[in-house]
Structure formats: structure tokens, C-alpha cells
Amino acid sequence: MPTGAADRALESLRATRVWKSVFRRGPALTNRTRSLAVFGNLFLHFLPVKVREKSLRVRATYYLGSITFLLFVVLSVTGVLLMFYYHPAVPQAYRDLKDLRFVVSNGVFLRNLHRLAAHLMVVTVFWHMFHVFYRGGYKPPHEFNWVVGVVLLLLTLFLSYTGYLLPWDQLAFWAITVGTNIISAMPVIGGRVRYLALGGNQVGENALLRFYVLHCVVLPLVAVLLIAVHFWRVQKDGGLTVKEEDGGK
Amino acid sequence: MSRRLLLAVFLVCLVAAAPACRKQPAPAPDALVSAYDVEPDWNDPQKVVALNYRQAQGKRLFYTNCVWCHADATPAGPSNRSNVTPTPPLINDGNVLNGESEEYLRNVISLGGSAVGKSAMMPPYGRTLRPEEIQSLIAYMRAIAQPLYQQSARPGKPYTGR
Amino acid sequence: MAENKKIETGFSSDVLKDPKRIVFVTKKTSAKVTGDAGRQVMTFPHLVLREAIAFQILVIAIVLVSLLWDAPLEQLANPLLTPNPAKAPWYFLGLQELLHYFPPFVAGILIPTLVVIALVGIPYFNINIHGGPLWAKRRTSQLRMVLIVLSLLMIFLAIFLAWTVFVPSAAIAFLLLYSYSVPASQTGWRGFLRSRTVSWWVMTWFIAVAITLTLVGTFFRGPGWEWEWPWVSHGG
Amino acid sequence: MSEPINPKTEAGAAKAADAPGIDRRDFLNEVTFGALAVAGLGASAVTLQYFSPNVLFEPSAKFRAGTPELYPEIVDGKPSVTFLQDQQVYIVRTKDGFYAVSAVCTHLGCITQWKQEAEQIACPCHGSKFKPDGTKIEGPAPRALPHFAISLTADGELLVDKLETVVNPKQALKV
Amino acid sequence: MGKISRRLRLAFAVSSVIFVAVLAISPVKDLRREWKYYKNGYERFARNRPDKRLLSDFHPGLDQIWIPEMNVVDRCTTCHQGITQPSLADSSVPQPFRAHPPIHHSATDWGCVVCHRGQGPATEVAEAHETTLAWEQPLLPNRLIQGSCGTCHRADLAETPKLTRGRQLLAKLNCVGCHRLQDVDRPAMLAPDLTNIGTKVSRAWIYKWLKEPRTVTDSNGTVTVNGYETGDEPRMPQIHLKEEELRALSGYLSSLRSHPVAPYRFDPRAIALEKAPDLTAQGEVRFRQMFCSTCHSLAVTRAGETKLIGGDIGPELTKVGSKVNRDWLVSWLRNPQEYLPHSTMPRYEWSDQDLFKVAAYITTKLVDSDLLNGVPNLGEATPDEITSGRNLFLAKGCASCHIVGGAAPQKDFGPDLTALGGKNVSQLEFGQSKIPRTLIAYIQTKLTDPVSVNPAARMPQYHWSPDDLEAVTIALISMAGTPSASGMERLKIPRASPEFHPAGAFGEVYERYQCSACHKFNGYGGDLAPDLSYEGSRAQRAWLVDFLKNPQTLRPMLVLRMPQFNVTDKEAAILADYMTMTLQSPLANTAGEGHMRFTPQLAAMGKQLYEVKYQCQACHTIGGAGGYVGPNLSNAGNWLTATWVQAWLKNPQALVPGTIEPRRSFTADEIQALTAYLMTLRPSGKKASAGASQGGTR
């Protein structure tokens with residue numbers, strides 16, 4: 001029986017009407033309340049109520065999917081914070097980054113987090129995919145979820161790439177220039193596509209604005225949507241594929 | 001067991017926090033490198049005196065207006081010093097000039113020798129040079145004075161905490 | 001599945017190929033679906049708690065790193081001043097490396113598109129859905145096939161002098177051929193190789209090449225995309 | 001921010017030491033929830049700090065109005081009034097010194113004008129009129145024009161601070 | 001089934017604690033930013049200072065100077081907090097707290113980076129001052145800071161002598177011949193026209209000259225010229241040439257003789273001098289009397305130290321005898337413009353005897369028998385030597401300065417330097433050289449040893465004294481392209497010097513004697529000799545005539561004197577009339593000159609003032625006694641106009657800006673008295689000519 005101060009505080013909190021109005025259930029102590037906790041909660045209900053114990057084992061997944069998702073969360077939070085000091089304009093964008101570096105409290109820290117998490121996410125997404133492949137996770141009935149995964153991979157790349165331009169320094173500018181020049185190698189439509197992507201013939205004010213909107217609004221929304229589908233499909237397709245060796249004692 | 005673990009955690013945090021507590025005092029600049037201008041020491045040309053902006057301006061004014069009578073050689077050749085009686089002091093002659101107050105020097109230069117009871121051969125420059133120019137002249141003569149005027153004429157050490 | 005009584009299903013009979021949640025049971029037989037889903041636990045708190053820990057560990061890690069490493073910020077973008085070399089983000093440097101060997105259309109458009117299509121397509125090809133090892137049966141014919149494919153690939157790479165692609169490919173090819181010689185009874189890593197499927201080999205080859213190219217593009221390419229050791233500073 | 005935690009963990013540790021009877025579960029709850037609570041509070045505090053800018057990109061309320069000599073002499077006792085367009089301030093020079101009067105009408109915030117001939121500050125919008133020292137003569141304006149703090153800098157220039165309005169408008173800056 | 005293992009809960013507890021602890025680090029770090037260290041330091045420092053204003057002005061947060069229209073965001077004042085505090089001017093105050101020396105621009109209007117460079121927005125010592133990944137223009141060393149003044153101030157400033165010197169050097173050394181430079185206009189002729197060079201010098205000499213143009217140098221390799229400042233380089237730089245290139249070029253140049261000079265047939269009386277034993281001695285005397293040394297220098301060895309004595313308007317003549325052939329010399333002396341239309345050499349009025357003597361002196365005394373020792377036997381130039389020589393002439397950029405056959409010099413042979421000062425390190429090509437990767441190091445290495453930076457450099461070799469190297473560096477840094485900050489445009493001052501070409505009789509004489517080579521007229525001309533724009537107000541006509549015919553120096557201190565042109569009476573009259581008529585100062589118009597009368601008493605009072613009260617003899621000489629600084633006044637009564645003297649005594653700088661005559665506060669009476677006294681000053685024997693009154697009545 002809980003007697004700790006924190007527990008007691010929690011108890012009394014749970015007793016309040018407000019709490020009850022939010023969580024329509026008692027403490028998640030019985031299986032019933034625990035199930036309620038999951039599917040009574042928008043965010044948790046993407047998960048199944050029960051999971052195979054084997055699939056919880058680290059070797060089964062290395063939590064790569066979760067980590068990728070969590071990185072996405074971190075990126076969203078830091079990204080939103082950074083947006084408060086960022087103007088997508090030339091050359092103001094660059095000055096804003098200088099200010100983040102030199103005058104804004106913890107600005108440089110946030111930026112580092114964002115940048116690091118972004119790189120990391122690309123890595124984990126790939127890793128996740130390969131891991132799933134080697135485990136045969138793409139096999140029926142998971143085909144569609146695999147496809148969703150591949151799309152999410154592309155989205156991640158686009159998110160990272162669009163974000164790459166925003167600092168508007170030499171690194172960003174030339175990386176984007178080089179990248180977008182590849183597009184124009186496309187037969188027939190190549191030049192046109194690049195023109196649309198950049199909103200011009202060279203990386204300039206328009207390109208910055210487009211990349212900004214894509215990076216901060218469009219792609220994240222799509223990503224959130226697909227991530228939801230991805231999670232949801234996992235449980236609908238009967239949970240993670242478990243293998244005999246996962247149980248390996 | 002958990003307590004030991006928590007202690008360890010605490011220590012880890014301390015170590016991780018270490019980078020936060022470091023001081024970066026500025027590197028000490030070499031007087032000559034950071035000098036605005038230099039003037040070879042009159043008494044031995046090997047030594048070079050570092051001048052800051054103000055003293056350098058003084059140097060410029062000196063070599064246009066004063067060098068003729070207050071130095072032994074001028075850009076144009078022989079000095080006029082010998083023609084002036086009483087012989088004017090060399091500008092770097094600390095034995096004579098270090099003793100004089102800024103006040104006094106300002107007066108001599110701006111009002112001329114006669115105003116302070118010295119030879120009228122020293123003309124007044126009050127209407128030729130601006131006050132800050134006269135200030136610069138004094139700064140210059142203090143900087144190149146031999147023997148040294150006083151330590152404060154030399155650049156001070158950069159600030160490093162306590 | 002119960003092996004003695006075969007179930008009549010309304011659709012395909014091969015459950016492995018396309019499993020269905022609904023089974024139409026005909027006649028008087030009853031469906032006895034066995035098969036162990038494994039022991040199950042409640043998501044809350046078991047999974048949630050683990051996720052929370054994972055999250056914390058993750059954050060701790062990236063925070064510590066980002067305290068020691070500062071995100072790069074170079075000079076203000078200047079269209080008139082091209083850095084040499086101008087590099088794309090690291091995850092595209094593999095492509096940039098390919099561009100160094102192949103015409104832009106091939107390296108920049110064709111290959112990426114094919115890769116994506118392949119990835120999307122993977123689940124829909126029913127190739128060895130059972131996960132049968134490559135060298136399980138019809139070994140000689142398999143070997144002939146493999147040899148042809150490999151030699152074609154190698155020749156292709158050799159023509160374009162794409163040696164940063166050639167090397168990893170060759171390494172994987174070597175393992176592949178080596179695994180042919182491994183006796184079936186073999187255990188340990190040899191046995192592991194011996195029992196790999198075609199898809200495993202293909203994917204491994206892809207990853208090997210991708211990683212090599214990315215690493216080379218990131219660390220070993222200097223001005224003019226010339227080879228350069230990262231520890232040898234050029235110019236300054 | 002790091003201060004609150006470490007004591008907490010120590011306290012917790014101490015607690016556990018004093019009362020070995022306590023079930024570890026509670027102790028761990030204490031630590032966990034405590035840590036998370038601190039994290040939450042701290043995070044919000046830091047976020048607040050992050051949101052409060054350390055530098056401002058806006059014209060500073062303090063501005064240098066040049067040396068006193070720049071302003072016209074007093075002609076037969078009449079104060080000389082100079083309107084600083086970009087700062088919207090009158091620099092008034094009287095025989096007993098300088099003061100800075102706001103040019104923004106206290107009625108509806110129109111920019112007033114100095115009428116030399118009438119020696120009045122007049123508001124074009126609703127006809128309020130003020131004396132050079134800001135006191136109201138007529139019109140809908142509720143108050144006199146406020147005075148701003150004015151001082152001399154080290155190098156002898158007038159310094160006006162628009163954030164600081166002078167309580168007693170009679171006192172002027174002697175030069 | 002429900003229970004969670006204890007290990008898991010423990011892990012959660014531990015990770016939570018670490019989690020919160022780690023999150024706390026960055027804020028703690030943020031509390032200890034570098035700039036706060038200096039903020040606190042300044043506050044402590046200010047508390048111990050007598051000046052209470054320091055504390056009242058102290059502001060704990062970040063400071064920044066923000067000037068939108070100039071894109072200035074400078075946070076330097078965050079640490080350099082005392083820059084506007086007069087009480088911190090003393091150089092013993094530790095940096096970064098010291099006050100900025102008084103200059104004409106306030107930091108609040110211009111910011112700091114505009115002049116000092118470095119990274120304005122940075123708030124960390126290293127980032128703000130040094131070259132970083134994000135900033136390639138480090139702090140400018142104080143010694144070079146005048147370069148920043150030059151980015152806006154196109155005209156010369158009194159406060160920036162180094163910059164002015166540097167710009168003079170750039171112009172003098174014809175850098176503009178190959179490079180495009182800011183505000184250094186390309187003169188019509190940079191270097192001698194070589195169309196007929198073959199008629200002037202021998203091929204051997206050309207070979208030698210191309211190989212080593214620097215003839216008189218001291219151990220440091222610097223050329224020193226006594227008297228007044230001159231460059232440390234002959235205008236002809238040392239160009240990297242291989243042996244066969246030397247042969248080819250010399251061959252080509254020696255083949256350039258389109259108009260062979262006809263030998264001048266002297267008056268037999270002159271030729272008769274050939275016999276005279278002291279012919280060359282006479283020649284030398286004449287050479288000196290005519291003050292050729294005003295423009296031409298000669299090497300003189302005094303006390304083991306070789307120095308050039310004389311001006312550098314014209315070439316140095318120490319070894320000219322071994323250079324030019326006699327016929328050419330004679331025709332040149334008679335009429336330089338015939339050979340070089342652009343030459344500033346005056347056309348002297350020679351008597352045949354003088355010409356003969358001087359030519360003899362030059363060709364026999366001003367020689368160096370060893371000069372051509374190193375030169376191999378070249379002989380006549382072969383056709384292919386000539387062709388390859390012609391190609392070299394273009395390839396080596398000779399054609400950038402020299403004209404051949406009236407062809408205009410080729411422009412922009414070397415890189416454009418107008419934006420050099422603003423270049424980033426990444427824009428510079430350092431090659432394999434082992435110098436620090438900074439703009440300054442690059443410029444200075446390129447100037448002193450071009451080949452070390454770029455082995456294929458066509459840039460010739462220069463030899464600089466440390467000071468000149470600094471000056472040139474400053475001048476180059478000042479060319480930072482058009483000032484980026486719009487706020488600076490208003491500072492731009494055009495370098496205008498409208499040419500002064502009077503018409504009529506005066507014009508002819510003026511052109512003939514090339515007066516503007518040394519004298520300034522209405523802002524145009526050389527600055528070697530006094531500005532003559534107001535000469536008419538200053539000098540009496542009669543005196544002018546005398547002076548022109550027989551110039552003697554006025555300031556004993558000056559080595560350089562007006563050359564003896566042997567002006568004819570007619571020419572002298574023309575010059576004097578023109579000057580007295582037109583070259584008048586608005587402040588001292590001599591119209592009223594005639595009506596001035598001074599009583600002897602007044603003069604006596606003036607004498608008193610001159611000798612006792614003001615003791616002018618400190619600088620001015622009268623008769624034998626007095627100083628050397630000011631002009632000799634012994635002849636003032638014949639020389640100066642009363643009008644001028646009065647105006648001068650009232651305010652010298654108003655008449656001649658920058659004159660070192662101190663401005664005194666004479667009373668009106670004193671001025672009258674002094675003028676009266678000065679007008680009485682005449683060497684015995686000479687009496688007041690009518691010049692003054694004439695000058696007045698005109």
C-alpha cells in the first residue's frame with residue numbers, strides 16, 4: 001500500500017473532480033483500468049492494449065521505432081522553440097542564427113539539440129528499416145505498413161534536407177544548390193521541377209521561404225499523420241513479428 | 001544499493017556539469033603589436049616605443065610644428081635649436097619635462113613662453129592647435145620621455161578576474 | 001494449422017502468402033486455430049514505462065553530446081563564392097559519390113528512383129516468402145545464376161571505374177561465393193552465411209555499398225572531389 | 001537549476017538511510033516523481049528565460065540630442081523650442097535651462113506642432129494648445145504634455161530618456 | 001502479470017534523476033557566459049574608481065549598437081564598457097575597459113566593426129576578435145587601422161599620414177600600370193616612351209638596367225634620399241627575367257630607333273672649350289648653379305654612408321654618363337619635349353658654352369666604369385631576338401607602363417585590387433607558402449616576395465622598408481570595394497585636381513619651364529615648391545622679376561632650390577605680370593597697396609615688438625642673425641607686399657592652410673607696427689623699386 005509523500009500527493013490529486021473528469025478511471029492497478037488507460041487515451045490508443053512479452057525484449061526491436069518517434073518529438077519541441085527567433089528572410093535568417101548563438105539564453109543549446117536529433121533521426125530511420133527487413137517484418141500481413149515506413153523514410157530525408165537550408169550560411173546554400181542541381185538532371189521535366197522547388201532559377205529568398213514552410217508546416221503534418229497510421233497498423237496487423245530466438249534465455 | 005547508485009548518478013552529473021564552470025581570460029597582447037604607431041627611442045634607435053592613437057597624433061603634430069627647435073635633427077636637415085637662446089629643451093628630456101604638470105605644459109604650448117615667465121622665443125600655439133591636439137602633444141612627449149615619465153604612460157595589463 | 005483436416009477457405013489456400021483474418025468455415029467441421037501468440041503483458045505500464053526510460057536515456061545522450069559539440073555555422077551564404085568541394089548533406093553524399101562516376105541522370109535520378117521502387121516493392125514479391133536459404137536446393141543452377149549476375153555487375157562497375165562501389169560489392173560477392181562452399185552442417189558465422197536468403201544478400205550488398213559511399217563522400221573527398229585522407233589538411 | 005535536485009537526491013538517500021523500514025517502492029516513487037516534477041518546473045523556467053530577449057532591435061528610449069550649443073539662443077527671454085522629428089520630442093531652451101517635452105498630444109496621440117508666431121504647441125487633430133513648457137492652454141487634451149528626463153553625458157551632450165517622465169516639470173537642466 | 005520488476009522501477013528512478021540533472025547543465029552554463037565575466041569584472045572595477053558616473057552608467061545586461069541603415073549590430077560595448085568614459089582614458093586602465101581615444105566618429109553613430117573589423121555580433125572573445133569558421137575578417141591590428149579610414153575618406157586626412165604615404169607610394173610606383181586601384185587615376189604617361197630608346201642608350205645598358213634597375217642602395221637595399229621623402233624604389237621595378245629573356249628584351253629595345261638624333265653643331269667658341277683643362281670642373285659648377293639637384297639626385301658618399309642628394313622629380317643621375325650617348329643628351333637638354341612630349345623637364349635657355357660644359361661634365365664625370373662589367377658581349381640584335389623580345393615586352397607587362405610607337409599602354413595587366421581590402425581568406429590563393437592564412441600576411445608576402453606565394457607570378461620584385469611596407473599595406477586594405485554600409489556614402493570625397501593650363505604668353509612660358517612640376521596653381525601641380533596661387537598678393541613685382549632671373553632660396557633650411565632656368569628678361573616680365581595681376585588672394589588683394597604709408601616711429605615700434613616682445617628672430621633671419629625655420633626676412637621690404645604681411649600676421653593659416661607659422665593674437669596696432677618694420681627691411685644698397693606701387697596700381 002503506497003505511503004510515500006509523492007504517492008499520497010498522487011492519491012489526493014486523483015481524488016479531485018478535475019482529475020476524474022480527465023481520467024475516467026481509477027488508478028491503473030487492475031488489468032481493466034490498465035486497458036482503459038490505453039484505449040481511453042488518444043495518444044496511447046495507437047498502441048495495442050496488450051503486447052507480447054517477447055517483443056518487449058530489447059533484442060527484438062532495439063526500440064528503434066520508438067527512438068525514431070521520440071526523436072521526432074524532440075525535434076518538434078526544439079523546432080517550435082527555435083521558430084520564435086527565426087525569420088525566413090535573406091539575410092535576416094543568418095543574423096537570427098548568430099543571435100541564437102550569441103545572445104539568446106540557451107539558444108545555441110537548443111539549436112545543437114535540433115541539429116543533432118535531426119541527423120540522428122535519419123540514422124535511426126534507416127537502421128529501423130534495415131532491422132525490420134532482416135527480421136522479415138515486411139512480410140504479410142505487414143506489407144502496407146512497410147510501404148508507409150518507406151514513405152516515412154523519404155519524409156524524414158525531406159524534412160532534414162529542407163531544414164538544412166534554413167541557417168542560410170555557405171554550408172546550407174551550397175548543399176542545397178548541389179542537391180537541387182541533381183534534380184535538373186531529370187529528363188524533360190528536370191529543370192521545371194527545380195524551378196518549382198526553388199521558386200526561381202537559383203537558391204534565393206523564395207527558396208528559403210518555400211523550404212521554411214515545407215520544413216515547419218507541410219512535412220511535419222504529413223509525417224504526424226503517417227506516423228499515426230504506422231503505429232496503428234502495427235497493432236492492427238497483429239503486433240510486431242516475434243521470432244523464436246527473441247525468447248532466447 | 002540504490003543509494004550508492006544515486007550517489008554515483010550525482011557524481012556523474014557533477015562531471016557533466018564541469019564544462020559549465022570555466023573562465024576564459026583574454027590573451028595578453030604584446031604592446032608593440034597592438035600599438036597604433038611606434039617611435040624609435042631617441043637615445044638608442046634599437047629600442048622602439050609603442051604609441052597609442054593619441055600619442056601618435058602628438059607625434060604627427062610634433063614633427064610638423066615643434067621638431068625645428070625641440071629636436072637635434074629635423075626631416076629637412078639641421079635643427080634650428082642652436083639659433084634659439086636660451087636653448088630649448090629636447091622634447092624627450094625627462095629630467096626637465098617630467099617634473100612639469102600637464103597644466104603647466106598646456107599653458108606653455110597654448111600661451112607661449114612669455115605667459116609663464118619663460119623665453120618669448122617659444123611662440124603661443126593656442127590659436128594654431130586645438131586643445132585636444134595640445135593634449136596629444138603632451139601625451140606624446142610623456143610617452144617618449146627619457147627617463148620614463150611614469151608607469152601609467154605605458155599600456156596596462158588586460159583584465160583578468162580575481 | 002491443424003494438419004489432418006484441411007480447412008476449406010473461401011479464398012486462397014496458402015495462408016502464408018495472403019493471410020486473412022476471416023475464415024469461412026464450411027460443412028460441420030469446426031475451426032481449431034492453434035498457434036501460440038506468446039505470453040502477453042499489459043501495454044500500460046509495461047511498454048509505456050520502457051518507452052519513458054528509452055526517452056530519458058535518449059535525451060540524456062543527445063543533451064550530453066550537444067553540450068560538447070556545436071552545430072556548425074559558416075559564413076553568410078555567398079553565391080559568388082563556391083567552396084571547394086561543395087558537399088550535399090551527408091546522407092546524399094552517397095549519391096554525390098555516384099555522380100562522380102556515372103552520368104547525372106543515372107546516378108541522380110535513375111538509381112534513387114529504382115532503390116525507392118525496390119524498397120516499396122519488397123513485400124509484394126513473393127520471392128522465398130518461406131525464407132529458404134539461397135544454397136538450399138538446386139545449388140549448381142543457383143551458383144551459375146549468381147556467377148552470371150555478379151560478373152555482369154562487376155564488369156559494369158569496372159567499366160565506369162567506380163571502384164568505391166566495386167570494393168564493397170566485391171567483398172560481399174566474395175562472402176556470397178564463400179558461403180557456397182560452407183557445408184550445411186556448419187554452425188557459427190559460417191553456418192549463418194550458409195543459411196542466408198537471396199533477399200538477405202541483396203539487402204546486405206545494398207547497405208554495404210551505401211555505407212561505403214557515404215563514408216567516402218563524407219570523409220575522403222577533398223577539393224575537386226579528389227581522394228584525400230581526413231587527417232591530411234589541405235592548403236591551410 | 002541544478003541546485004534543487006542534488007539536495008533532493010541526497011535528502012532522499014538520507015531518508016532511506018534513516019528509515020530502512022520504508023518499502024523501496026515508495027522511496028523510488030519519491031525520487032522519480034520528484035525528479036520529473038523538478039524537470040518540468042525547471043524546463044518551464046528555462047523556456048521563460050529563453051523567451052525573454054537579451055537584446056532589443058528597437059530604437060532605444062534613451063537618445064543623445066547633441067550638445068547644448070546646437071540649440072538656438074534665447075531671444076529676449078522667449079524660450080527657443082526645437083522639434084526633433086524622428087524622436088517626436090521638443091527640446092525647449094529657457095533662461096533657466098533645458099527640458100524635453102513630449103510632442104505626442106495627451107488627447108488622442110496626434111503629433112503636435114510648434115507654432116513660432118503664436119509661441120504655442122498646437123495639436124492639428126482637435127485643436128489642443130499647450131505652452132512651451134507643456135502646460136495645457138485649451139482644447140480637449142486631459143493633461144499637460146509630459147516632460148522627459150534630460151541629463152548631460154560625460155562628453156557634454158544632452159541625453160533624453162523617454163521612458164522616464166519628470167514628476168516636477170518646473171526643474172530644467174542647467175548647462 | 002501486473003507487477004513491474006523492481007529493476008525496471010529502479011532504472012526509471014535513476015534515469016529520471018540523471019535526466020533532470022543533465023537538463024540542468026545548459027542553463028548553468030548559460031549563467032556563466034563569457035561576457036558576464038567581463039560585465040561583473042567591470043562592475044567591481046568601477047566600484048574602486050573615483051568617478052561615480054561609471055557605476056551609474058553601468059548596465060548589467062548585453063549592450064549592443066544597432067544601426068539598421070548600416071547593417072551594424074555591434075556588441076563590442078558589452079565588454080568594452082568604458083569606451084565613452086573620459087575618466088578611463090589613462091592607458092593604465094586595463095583592457096577591455098579603457099576609453100576610446102577621441103576621434104571624429106562616435107561609436108553610437110558608426111559602430112566599431114566599421115573600422116576595427118572583427119565580428120560585431122559576437123559576445124565571446126575568440127569569436128569577436130579572431131578568424132573563425134563563421135567570420136574571416138579578424139580584428140585589424142591597430143597599426144593598420146588607418147586603412148579603415150581610407151575606405152570612406154578618399155581625400156587625404158591630416159590624422160592618417162601612413163595612409164597618405166601608402167597612396168603616394170601606390171601612385172609613384174605605378175602600381176596602377178598593371179592593377180586597377182581605387183582613386184589612383186592613371187596618368188597619361190607612366191614611364192618613359194621607348195619609341196626611340198635605341199637612340200638614347202646602348203643595348204648593354206638596357207641589359208644591365210633590366211637585370212638590376214636599383215643602382216644606389218644601402219645595405220638594407222633601401223634607397224635614401226636626403227632632403228625630403230621619396231620612395232624606396234626606383235620607379236622601374238626589378239622584373240624576374242631569365243638570361244635569354246634579358247638578351248631578347250634588350251635586343252628588341254635597342255632596335256627601337258625610328259628618329260635618330262642629329263648631332264648638334266655647337267658654336268665654335270664652345271667647341272674651343274674642349275681644350276680647357278678645367279672644362280668638366282666648370283661644367284660641374286654650372287650644373288650646381290642651375291640647381292639640377294632640385295629634381296635630379298646624385299649619389300654622394302659621406303662618412304662611408306652613400307646617400308642620394310637631391311630631388312626625385314627626375315631620374316637619379318649618378319651614372320647617367322654611362323647610360324646615354326652624348327648627342328642624345330645634348331638634344332635632350334636643349335628640348336626635352338621633342339623626345340618625350342609628356343616630360344616635365346623644363347626647357348632651359350642654354351648658352352652654347354654652358355650646354356657644352358654641362359654635357360662634358362655629365363658624360364665624363366657622372367659615369368661608372370664598372371657599371372657594365374657584368375654584361376656579356378651582346379652585339380647587334382638578331383631578328384628572332386627582336387621578335388621574341390617584342391613578345392616578352394607584352395608578356396611581361398612592360399607595355400602596361402611604357403609606350404612604344406605611340407601605342408597606348410595596355411590596361412589591367414594584373415588583377416583588379418579595388419576590392420582587395422574586403423576579401424575573405426577563402427578568396428585568396430596562398431599556394432604552398434607557409435605563411436599564416438590571413439589577409440595581412442598575404443598582402444605583405446605578395447608585396448615583398450611574390451614568387452613565394454605564386455611561383456608563376458609576373459609581379460616584379462620590390463624591396464620595402466618596414467614603414468613603407470606598412471603604409472602600402474594600409475593603402476591596399478583601404479580599398480575594400482565600395483563601402484557596404486549605405487551610411488558611409490555621404491563621406492566620399494572625390495579627388496579632384498583640375499588641370500591648370502593658362503593661355504597666352506604666360507601659358508607658353510609656364511609650359512616651357514614646367515612650373516606646375518613643382519609649384520601648385522589653384523590646386524593643380526606638384527607640392528615640392530610653394531603654392532603660387534596667391535603669389536601675386538604675396539610678392540612685389542620687381543622682386544619676382546629678380547627672383548626668376550636669379551633664384552636664391554628664401555628658407556636656408558631647404559636643400560631644394562629653384563633651378564636656374566636662365567629666364568630671359570622678357571619671359572621674367574611675362575611671368576611676374578601675370579602673377580601680380582591674376583594670382584591674387586581674396587584675403588589680401590593688393591589693390592590698396594599704393595596708398596599705404598608707414599611712419600618711422602611705427603617702424604621703430606615694430607622693431608621693438610619683433611625683437612623683444614615676440615622675438616621673431618627665433619625662427620626668422622634678418623641680416624646674419626636669427627633662426628632657420630621661417631623665411632629669411634632680410635629683404636622683406638623688397639619682397640613682400642604690405643597687404644600680404646598684414647593679412648598674414650592676422651591669420652597665417654587662412655592664407656596658406658597648414659603653414660607652421662603659429663597664429664598669434666596681435667592687436668591691430670601691433671600688426672601695423674610690425675608691417676611697417678618689415679617693409680623697412682632692405683639689404684643696404686638696394687632701394688625700394690617701384691614694384692610695390694606698380695603691383696598695387698595694377
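Chain letters run A, B, ... following the sequence lines, proteins first, then strands; residues in each count from 1. The model shown is predicted, which means the values in this text are computed figures rather than measured ones. Computed over heavy atoms, backbone and side chain alike; hydrogens, waters and symmetry mates excluded.
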**Q.** Best-contacting candidate, C:L47, C:I57, C:L110, C:L73, against chain A by heavy atom pairs under 4.5 angstrom
**A.** C:L73
Q: Name the member of A:V147, A:I182, A:L171 that forms the most heavy-atom pairs with chain C at distances under 4.5 Å.
A: A:L171
**Q.** Region of C:F55 in contact with chain A, defined by heavy-atom distances below 4.5 Å
**A.** both
Q.
Suppose we screen for side-chain contact (heavy atoms from CB on, under 4.5 Å). Which residues come up paired with C:V63, at least two apart in sequence or across chains?
A. A:F109, A:L113, C:V59, C:L67, E:V22, E:L23
Q: Sort out for me which of C:A54, C:A71, C:G108 touches chain A most, counting heavy-atom pairs under 4.5 Å.
A: C:A71
Q | Heavy-atom proximity to chain C below 4.5 Å, by part of A:L157 | A | both
Q.
Please report whether the ring centroid of A:F69 lies less than 6.0 Å from that of A:Y63.
A. no
Q | Residue part contacting chain A, namely of C:P103, when any heavy atom lies under 4.5 Å | A | neither
Q. Contact part of C:F105 toward chain A, heavy-atom cut-off under 4.5 Å: side chain, backbone, both or neither?
A. both
Q. Is chain C contacted by the side chain of A:V49, its backbone, both, or neither, given a heavy-atom distance below 4.5 Å?
A. both
Q) Tell me, side chain or backbone of C:P79 under 4.5 Å from chain A's heavy atoms, or both, or neither? A) both
Q: For A:V178, check side-chain contact (heavy atoms from CB on, under 4.5 Å) against everything at least two apart and list the hits.
A: C:A86, C:A88, C:Q96
(Q) With a strict 4.5 Å heavy-atom criterion, list every residue of residues 201-215 of chain C that contacts chain A, or say none. (A) C:M203, C:T204, C:F206, C:I207
Q. So, for A:Y134 and A:F130, is the gap between ring centers shorter than 6.0 Å?
A. no
(Q) Please classify the contact between A:V51 and chain C as side chain, backbone, both or neither, with a heavy-atom cut-off of under 4.5 Å. (A) both
**Q.** Six-ring centre of C:Y178, C:R194 cation under 6.0 angstrom, axis tolerance 45°
**A.** no
Q: Please list, chain by chain and in numerical order, all residues satisfying side-chain contact (heavy atoms from CB on, under 4.5 Å) with C:F220, sequence neighbours excluded.
A: C:V216, C:W227, C:W229, C:P230
**Q.** Check: A:R194/A:N181 side-chain N/O donor and acceptor closer than 3.5 Å
**A.** yes
Q | Atom group of C:L76 that falls short of 4.5 Å from chain A, counting heavy atoms | A | both
Q: Would you verify whether the NZ or CZ of C:R221 falls within 45 degrees of the ring axis of C:F219 while also being under 6.0 Å from that six-membered ring's centre?
A: no
